[in-house]
Amino acid sequence: MAAFEPVLSRNWNNPDILSVMTYESMGGYAASRKALTTMSPDNVVDLVKASELRGRGGAGFPTGLKWSFLPKDRKETFMCINGDESEPATFNNRYLVEKDPHQFIEGILIGCFATKANTAYVYLRFEYIKAIHILEKAIAEARAAGHLGKNIYGSGFDLEIWCHRGAGAYICGEETGLIESLEGKRGWPRIKPPFPAIEGAFRKPTVVNNIETLACVPHIVERGADWFKSMGTPKSYGPKLYTISGHVNKQVCVELPMGVTTNQLLEDHAGGVWKGRKAKAAVPGGISMGILKKEEFDIPLDFEEIRKTGCLGLGTAAVTIMDDQTRIIDYLYNTTRFFAHESCGQCTPCREGTGWLYKTVKRIRSGGGRIEDLDLMSHLANNMGITPGTTICGLADGAAWPIKNALAKYRDELEDFIKHNQNPAYKITAGQDAISKGQSPLPTNTSMFVPGIGLAKSLSN
Amino acid sequence: MATIIIDGQNYELPEGAKFNAIQAARHFGIEIPYYCWHPALSVVANCRMCEIEVGTQDATGEIKMLPRLTPGCQTPVRDGTVLVTDSSKVLEHRKNIMELLLINHPLDCPVCDQAGECGLQDYSYSHGRAEHRFVEERNVKPKKDVSDLIVLNTDRCIMCTRCVRFTREITGTAELQIMRRGDHGEIAIFPDQPLDNPLAGNVVDLCPVGALLDKDFLHNQRVWFLSKHDTVCTGCSTGCNISSEENAGKVWRHKPRHNPYVNDYWICDEGRYGYKAANAPDLLAGNFILDAGDHHGVATDRFFKRLNEDLTHRILDKQAVLAIFSPFLSVEEAYAAATWVKHLTNRSTLAMGPVPVVGQDQTFAPDKMTGRSGDTSFLMPRPFTISAEKVPNKAGVSLVLNQLQGSEPLNFDDALKQAESTPIVIVFGGSPNSDWITVDQAALLRKAERVILFDSTINALADTADYVAAIASFAEKAGSYVNRDHRLQHFEAALPTREGVWTLLDILAILSGNGRAPIQSRSILAEAAAKIPALSKAKDGAVPEFGVNLTGKDAPIPDAGFKDDWTLANLAQI
């Protein structure tokens, strides 16, 4: 295998790359010029299909296939670029926008040309203030240089890019939640069908792509599908930006071929676990993906292999390392709190389930846990999300997976924690306990007055 | 012919039906529980109560089921659709959803107005689980005033968002919104922007739980004491179908009844609170004769005897009669009264009573595109109009008078002018408003030698008429009205007549001596239908559920008749 040559991050060390002149001088906008002047939109779609590029946003849906779902007779198409990037510990999109905005704009240009979208909306998360300034400046420069606007490169293709800043909601990273938010509504995901390709933003056919996905496109156009497929593992090709954070010596974002292992990331790029400690577990791709045990650190982080560990998927490839002093209950406390806070509140199982899980984990952590709470959590987690079909979007799956994984992989530790961490102040009352098990809250052999019946014996009989 | 399979059994879909799974199952008598879905609102699929197993049967007969549960509300049924509503997976899921909906819901049914007609109560009973595993602290949310008439108990809310969608999609006023996220989400109004559109009260009916409640009805009655009477609103010429709910001799509230050709699922607030006129303490009671400048109460038999003698005497003197018919009369009353007048004398003129018009027609035309996007092919939003013409039966009274007189009835202003030159004026009232006639107008009518009034309120004319007979109020009579679109609709009486008061139909039967009271409105309608060609569609006095279009043919409405009512399906089970 030839030595890996980073492409997405190749210009990150060059601060001048923010200027369109510099970017052009380094060979930038050659791919977009090639696509717009020598290829048809369908050629580009076919090329991306051939490269088997899969969406980098988390779900890993084949990008070319997504583009081909658009109706053939459409009159107007919108491109939405998902830069909401609110999955905790993920920052590769921010790097892409802040460190090389023109590469991203070139990707948008080619993507829009392929999907015949004349309007692109870049939806950036609320907190990315620096990124939005850089991007807006870059868009203005690109327009001045003729890469955006009317009749780009004389091809007859028009494109305008608009930046839209979110208002700080995790759910707006879900594609239909993003569209609702973009339309000025509450970011509540829509039911599907119709999928955005048929009826999306402003009820028009819409493509929603991740920033990193589009950033890959110019390189595919420039170097070909075979080049792209020369990297990675089967069904997961190309370069990928991995972010490593948590209990490591160096928190970095690195570009590597798809399918590196957690061990490689940890040892080769993050400088090992901090404070000389050992690793205990890792979150493979944003907290909604579940948890990896230390023994699973040599599993390739790609779209397919990672699932064999019971994790939900690769997600955003944001790896968070936990050292051996981390308690799994703390990990669960963090994840459940996050999802209870970020659940949009639309579907009942997610709205009530995330809150319930958070309260239960909080009680266990405070010292009021019961062993049967673990079974209850498992039951709740197994019945929420689009996997069992009980919610509109995947947020609930993301909320359920850490619970499912932790219970499958660390049940002993959790039981041990409950047994050895009992605090009377947080214990539930015997009455509550009894009611929750379907029993009478009253001690046996006591009587109570029941209106309409009179003095009744214990209700448990 | 489209065939679908529900729970292993084949059913033929009716021609042209555009159903979702809930409607299709209900059509064949199978219940799929739901909360957030409403037949006239966009589909959001957020309560997840209606989830079932869905599949398709292909031409070879092979059935492929989707691996996950699917909400019935977002599943349009087509030829080959397979629905499973009773598998253990579905039943278990319903139990889970009920448990989740209740974890932050207070168990305050004993003090909640919704108890007895509550979606949570009914489904807990039929689909929930008895024990509850939730031992954590509940979220406590505030009670809010969203308008002078409506209170919002956010703690009872299950976030189905029906109310929010109603104000966005039907009225287009969008007063309601959701604030906060997750299990802290609350329905709210914008500061100082109360929920006060003319249809606002409908959110109370839409609310499946006791979150949105009507302050007018709050803590007045337990709903299981109310008996419901299917009637028609008399507030304007739209003729909304309503349920008038009565207990202990009083009407306590009006609720809309579904009629896709008239009011769909809604009524306006004016009609909703129009029930108060039925309980007015000062309605006319008893019969009075003007004697020496003062009205004297007279027993019913003597009253009619003296009235008949007086009239017979004057008619023999060939005196002319001017008869004025209120547009609040039912078709039957107008027919019986006009027939009686025509029998009295051939020198009679029939006139229409005053027809108040307030402002202009107000139409709420929902646009499908304002709703959430989704496959809503089964959704057919229909417009709702509040008519400016504030009477229920101008069309019906006018067609009866037209037929019996052979020409258009005189309008009220001309009738006032003519009163001076007419010896006998007979007025058939019936308006619930005592200000239907002014003192000046009454004075003009008083110029006649004899003024006879049949009415239910004490008004300016009742103060001066020679003969004043109390008749049943709008709530105490049954019959039919013809609305502005020429739809004849039957209405029931909600209350018994006041003590000592007869219905106009009974009084006329006595006066004309050709029938024995009590008279059934249906037999009068049958007679009128046989005699009046415009009413021929009401043959034998039969009026179908949604009324009958007198002038044309109704376009078929595929989803007509879906009653958005939790209690119906559950009562059938119990």
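Within every chain, numbering begins at 1; the chains are lettered A, B, ... in the order of the sequence lines, protein sequences first and strands thereafter.
B:E169 and B:P366 make their closest contact through O-CB, 3.2 Å (heavy atoms, listed as atom of the first residue, atom of the second, distance). Here the shortest heavy-atom pairing between B:W224 and B:A115 reads CZ3-O, 3.5 Å.
For A:I392, the parts lying under 4.5 angstrom from a heavy atom of chain B are both the backbone and the side chain. In this structure, chain B has no heavy atom under 4.5 Å from any part of A:E372. At a 4.5 Å heavy-atom cutoff, A:T429 makes no contact with chain B through either its backbone or its side chain. For chain B, the nearby part of A:P388 is the backbone; its heavy atoms alone come within less than 4.5 Å. Neither the backbone nor the side chain of A:I198 comes within less than 4.5 Å of any heavy atom of chain B. Residue A:K362: no heavy atom, backbone or side chain, is found under 4.5 Å from chain B. For a residue to count as touching a neighbouring chain, one of its non-hydrogen atoms must lie under 4.5 Å from one of that chain's; by this rule A:T387 touches chain B with the backbone only.
A donor and an acceptor atom, one from each side chain of B:N104 and A:E352, are located under 3.5 Å apart. A side-chain donor from one of B:Y34 and B:D564 sits under 3.5 Å from a side-chain acceptor of the other. A:E183 and A:S181 share no donor-acceptor pair across their side chains, judged by distance under 3.5 Å alone. Side-chain N/O atoms of B:N46 and A:R351 include no donor and acceptor closer than 3.5 Å.
Within 6.0 Å of the NZ atom in A:K404, the count of heavy atoms belonging to other residues, nucleotides or ligands exceeds 12. Counting non-hydrogen atoms of neighbouring residues, nucleotides and ligands closer than 6.0 angstrom, the OH atom of A:Y333 exceeds 12 such neighbours.
When A:N383, A:D373, A:T360, A:D433 are compared by the number of non-hydrogen pairs under 4.5 Å with chain B, A:T360 comes out ahead. Heavy-atom pairs under 4.5 Å with chain A were tallied for B:T70, B:L101, B:L100, B:I103; the largest tally goes to B:L100.
Classification of the A:F78-A:Y121 ring pair by plane angle, with boundaries at 30° and 60°, yields tilted.
Of residues 174-184 of chain B, those residues with a non-hydrogen atom less than 4.5 Å from any non-hydrogen atom of chain A are, in numerical order, B:I178, B:M179, B:R180, B:R181, B:G182, B:D183. Residues of residues 82-89 of chain B lying under 4.5 angstrom from chain A, judged on non-hydrogen atoms, do not exist here.
The NE2 atom of B:H105 sits 8.5 Å away from the OG atom of B:S124 when rounded to the nearest 0.5 Å.
No donor-acceptor pair closer than 3.5 Å links the side chain of A:S366 to the backbone N or O of A:G368. With hydrogens and angles ignored, the 3.5 Å screen pairs a side-chain donor or acceptor of A:E87 with a backbone N or O of A:I287.
Residue pairs satisfying the ring-ring contact (aromatic ring centres under 6.0 Å, His included) criterion with at least one member in residues 360-396 of chain A, sequence neighbours excluded, are absent. The salt bridge (charged side-chain N to carboxylate O under 4.0 Å, His left out) pairs that include a residue from residues 34-49 of chain B are B:R48-B:E51, where partners are two or more places apart or lie in different chains.
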